[in-house]
Each structure stands twice: as C-alpha cells, then as structure tokens.
Amino acid sequence: MRIDVLTLFPAMFAGPLDESIVKRARLAGLLELKIHNLRDYAHDRHKTVDDRPFGGGPGMLLKPEPLFEAVEALAGEETKVILVSPAGRTFNQAIARELADEKDLLLVSGHYEGFDERVRQELADDELSIGDYVLTNGSLPIMVIIDAVTRLLPGALGDEQSAHEESFSHGLLEYPQYTRPADFRGMQVPEVLLSGNHAQIAKWRSEQARMRTASRRPDLL
Ligand code: 4G0
C-alpha cells in the first residue's frame with residue numbers, strides 16, 4: 001500500500017512512524033509512506049498557503065490553488081483522497097479496515113479554520129475526524145489513521161497479535177487479564193483462571209467482556 005501525506009508540518013511526522021509496527025511494515029515493503037510539504041506547492045515568493053474568508057469572520061483558510069496543484073501532482077486515478085478535519089465522519093476500526101483495502105491513499109491535513117469549500121467539492125473522496133475535539137492541525141489525526149491502517153496490512157503483525165485483532169473485531173471490550181504473580185501485594189488473580197478448566201475460563205471471559213462493555217460502552221451493545 002502507498003500513503004502520501006500533505007501537511008504544513010512535515011517535521012511532526014519524524015518519530016511516530018519510524019517506530020514499532022509501522023517501521024517494520026515500511027522496512028518490509030508493506031507500506032510506502034511519503035510526506036509532502038503543502039508549502040512547496042505555493043507559487044508566490046512568500047509561499048502563501050492561507051487567506052481570509054470571504055464575508056468576514058475569524059481565522060484563516062487554506063487557499064485552493066496550492067491544494068489543487070498538490071493533489072493533481074500526487075494523486076493518480078486510483079488514489080483515495082481524504083481530508084482530515086473536525087467536520088469529517090468519525091474514524092473507527094471499520095473505517096480502518098476499509099482503508100486497509102485501498103491501494104493508494106492521499107491524506108490531506110487541515111490547518112487554521114479549515115479548507116475552502118471547493119477543495120471538498122472537487123478534490124476529496126472522503127473527510128475524516130478522529131473525534132470531537134479541535135487540534136492545531138490534522139497531522140496527529142493523520143498519524144493515528146496511518147497507525148490503525150498499517151497494523152491491518154497483511155503481514156504487519158505477528159501471529160499472536162493477529163489472533164488478538166480477531167478477538168477485538170467481535171465488537172466487545174476486552175475481558176480482564178492477569179499475568180504472574182498470582183498474588184501481587186495481596187491482590188489475587190480470579191480462581192477460575194488458575195483452574196485449568198478451559199470451558200469455565202471461556203465462559204468467565206465472555207461474561208466479563210459483556211459486563212465491562214455494558215457498564216463502560218453500552219453504545220457498543
Ligand atoms: C479543519 C482534525 C482542520 C478545520 C483537524 C481545524 C481536529 C481534528 C483543522 C478546523 C484538526 C480531528 C474548523 C478548527 C485542524 N483538529 N478531530 N485541526 N477547524 O480529527
């Protein structure tokens with residue numbers, strides 16, 4: 001899979017995507033990731049990428065010309081172009097699975113007060129938000145999306161973790177888990193987990209997952 005990113009803060013991307021599973025996926029050739037500076041597509045000598053909104057009001061907007069030229073330069077026929085802003089549909093695991101099936105993504109970071117509406121109309125195939133809060137720019141949301149998608153690429157996780165992903169996909173929160181010691185500072189591991197009775201353990205875990213989901217995330221049931 002190929003992912004291109006368009007941002008005003010390319011330096012933010014050094015670090016998080018050079019670690020762990022994303023690093024391994026890039027080294028293994030499962031993910032080709034390229035970060036592009038939107039300012040490189042500004043044409044005037046001041047490298048202007050923003051302007052004031054028609055009709056007045058606070059803040060600045062990303063002006064259309066650099067965005068159109070950047071997307072025209074970076075997106076091919078098959079590229080899915082995705083804007084990131086608080087007005088997008090909320091990203092979740094199901095969307096991560098959809099995106100992991102794409103060949104090319106171009107993720108465009110919003111900045112300031114957002115985009116000129118013509119960018120939405122003409123350039124965007126989709127618009128995503130990572131949740132109902134406002135950040136200084138869309139770079140952190142883009143890194144969140146890349147992380148969630150990359151770990152779903154075939155071969156990105158070890159076998160142990162793949163199995164775990166399956167257990168998440170049944171749509172419940174995880175059951176309580178324990179490792180050694182069985183008695184830690186007087187806090188005991190539930191007896192059933194030490195019993196060796198695998199049918200009982202499976203029943204306990206499914207009850208616990210259901211109870212935890214009901215109390216913390218009833219919206220998932
Ligand atoms: C567009 C995404 C982009 C519009 C981006 C802000 C949070 C998210 C930005 C705005 C972002 C998210 C209207 C403030 C950049 N913040 N929740 N900031 N406005 O995914």
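Remember, it's 1-based here, ligands and their atoms both numbered in the order they're listed.
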Nearest-neighbour protein heavy atom for [atom], which is reported as residue plus atom name and distance:
atom                    : result
atom 15 (C) of ligand 1 : Gly110 O, 3.4 Å
atom 17 (N) of ligand 1 : Gly131 O, 2.9 Å
atom 16 (N) of ligand 1 : Leu135 N, 2.9 Å
atom 13 (C) of ligand 1 : Glu113 O, 3.4 Å

Between [X] and [Y], does at least one N-O distance fall below 4.0 Å, as a salt bridge requires?
X      : Y      : answer
Arg205 : Glu207 : no
Asp40  : Lys47  : no
Arg210 : Glu174 : no

Below 4.0 Å, non-hydrogen atoms only: which portion of Tyr112 touches ligand 1? Side chain, backbone, both or neither.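 Tyr112 to ligand 1: backbone contact only, side chain stays beyond 4.0 Å.
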
Applying a heavy-atom cut-off of 4.0 Å, say which part of Asn137 lies close to ligand 1: side chain, backbone, both or neither.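 Contact part for Asn137 vs ligand 1: backbone (N, CA, C, O).
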
Between Glu127 and Ser85, do the side chains contain a donor N or O and an acceptor N or O under 3.5 Å apart?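 Looking only at side-chain atoms, Glu127 and Ser85 do form a donor-acceptor pair, the distance falling under 3.5 Å.
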
Is there a donor in the side chain of His111 and an acceptor in the side chain of Asp50, or the other way round, less than 3.5 Å apart?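 Asp50 and His111 do not have a side-chain donor-acceptor pair below 3.5 Å.
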
May I ask you to check whether over 12 heavy atoms, not counting those of [X], lie within 6.0 Å of atom [atom1]?
X      : atom1 : value
Glu72  : CD    : yes
Glu78  : CD    : no
Arg120 : CZ    : yes
Asp44  : CG    : yes

For ligand 1, which atoms, with element, lie under 4.0 Å from some heavy atom of [X]?
X      : result
Ile130 : 12 (C), 17 (N), 20 (O)
Pro141 : 2 (C), 8 (C), 20 (O)
Ser129 : 12 (C), 17 (N), 20 (O)

So, is [X] polar-close to ligand 1, with some N/O to N/O distance under 3.5 Å?
X      : result
Tyr133 : yes
Gly114 : no
Val134 : no

Report the member of Gly138, Ala87, Pro86 with the shortest heavy-atom distance to atom 9 (C) of ligand 1.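 It is Pro86 that holds the nearest heavy atom.
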
